[in-house]
Structures are given as structure tokens and as C-alpha cells.
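Scope of the values below: all heavy atoms of this structure, side chains included, with no hydrogens, waters or symmetry mates.
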Amino acid sequence: MEKNANAPLEVAEHYFYHSELAYIKAAKNKDKAFFTLWTLKESYMKMTGRGMSLPLDSFEVVPTADGFVLGKSSERPCFFETMEFDGYIFSVSSERAFSLHNPLEIVFDDIYV
């Protein structure tokens, strides 16, 4: 979870995929775009069990019309969900499909925030 303000865009310029950086640059709210990708990438890194030892540029988070999907990665498959609450971006990932909008579907032992 990250506060949606004052994004360090230079991090994206150095460590994100070109497509992720293009998504941020094209966004009306660059802070929100950055922190959405950042929290998605962070949750995926935790899900793999490698944490920060997994380089940010070793996998790609791809925006789609329906949300975000995992692009290039040599790690595990992933489903993403993200939402904004009270000025904070909150993202989770799992190897199984789930929905933050239907809490009855969530199995917490497989969800990484």
C-alpha cells in the first residue's frame, strides 16, 4: 500500500519496463499510475518469495482494459487486483484468480499484499 502522492518517477525511468514507463507517462495522474504499478510489482515480488531480490525490470505488469496482467516474467503466473482507498493504492497478487470486489472468493493464504 502506498500513498498516492509525489511519485519518484525516476525509479520508473531506471527500473521499469519501457511499456510500464509509457503507461505512466500517458496517464493523466502520473502519481496514481506509478504507485499502481509499484504496488502491483511489489505484491508480485512478495508472491514469488524472492521479495526485493527479484529485480523490478525482470518482469512486466501490463495494463489491459480489464485491469492488469503479468507480461514478461521467468517466475510464477499471477493474477492482480488493485484499488484505491482514502488516497492510498492497494494491490494484491495470487497464482489463482480472485476478486477484491467479492471477498468470499479470497483465500488469504495465497494472497500477497
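Formation of a donor-acceptor pair under 3.5 Å by the K32 side chain with backbone atoms of N29 is not found in this model. Looking only at distances, a side-chain donor or acceptor of S93 sits under 3.5 Å from a matching main-chain atom of S43. Remark: side-chain polar atoms of T82 are paired, donor with acceptor, to backbone N or O of F90 under 3.5 angstrom.
At a threshold of 4.5 Å between non-hydrogen side-chain atoms, the residues C78 and M47 count as touching. At least one side-chain heavy atom of K41 sits under 4.5 Å from a side-chain heavy atom of F16. Annotation: side chain of F80 is not in contact with side chain of V69 (no heavy-atom distance under 4.5 Å).
Residues Y17 and L56 fall into different hydrophobic clusters, defined by Ile, Leu, Val, Met, Phe, Trp and Tyr side chains chained together at heavy-atom separations under 4.5 Å. Both M45 and V11 are assigned to one and the same hydrophobic cluster, defined by single-linkage of ILVMFWY side chains at heavy-atom distances under 4.5 Å. A continuous path of Ile, Leu, Val, Met, Phe, Trp and Tyr side chains, each step under 4.5 Å between heavy atoms, connects L37 with M52, placing both in one hydrophobic cluster. Under the 4.5 Å side-chain contact rule for hydrophobic residues, Y44 and Y15 share a cluster. Transitive grouping of hydrophobic side chains (ILVMFWY, heavy atoms separated by less than 4.5 Å) keeps L70 and L21 in distinct clusters.
Taking the six-membered ring where tryptophan is involved, the planes of Y23 and F68 are perpendicular, since the angle between them exceeds 60° and thus also 30°.
Smallest separation of non-hydrogen atoms from V62 and G71: CG2-CA, 3.8 Å. The minimum heavy-atom distance between L9 and K30, with the atom names listed, is CD2-O, 4.3 Å. D31 approaches A7 most closely through the heavy-atom pair OD1-N, 2.9 Å. P55 and R50 get closest at one heavy-atom pair: CD-NH2, 4.4 Å.
With rounding to the nearest 0.5 Å, the separation of NZ in K25 from CD in E13 is 5.5 Å. To the nearest 0.5 Å, the span separating CD1 on I89 from OG1 on T39 amounts to 6.5 Å. Once rounded to the nearest 0.5 Å, the distance linking CZ of F35 with CD of E42 reads 10.5 Å.
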Yes or no on side-chain contact (heavy atoms from CB on, under 4.5 Å) for E60 and S19, after CA distance, side-chain angles and deciding distance?
CA-CA 8 Å; E60 177 184 29; S19 59; 2.3 Å; yes
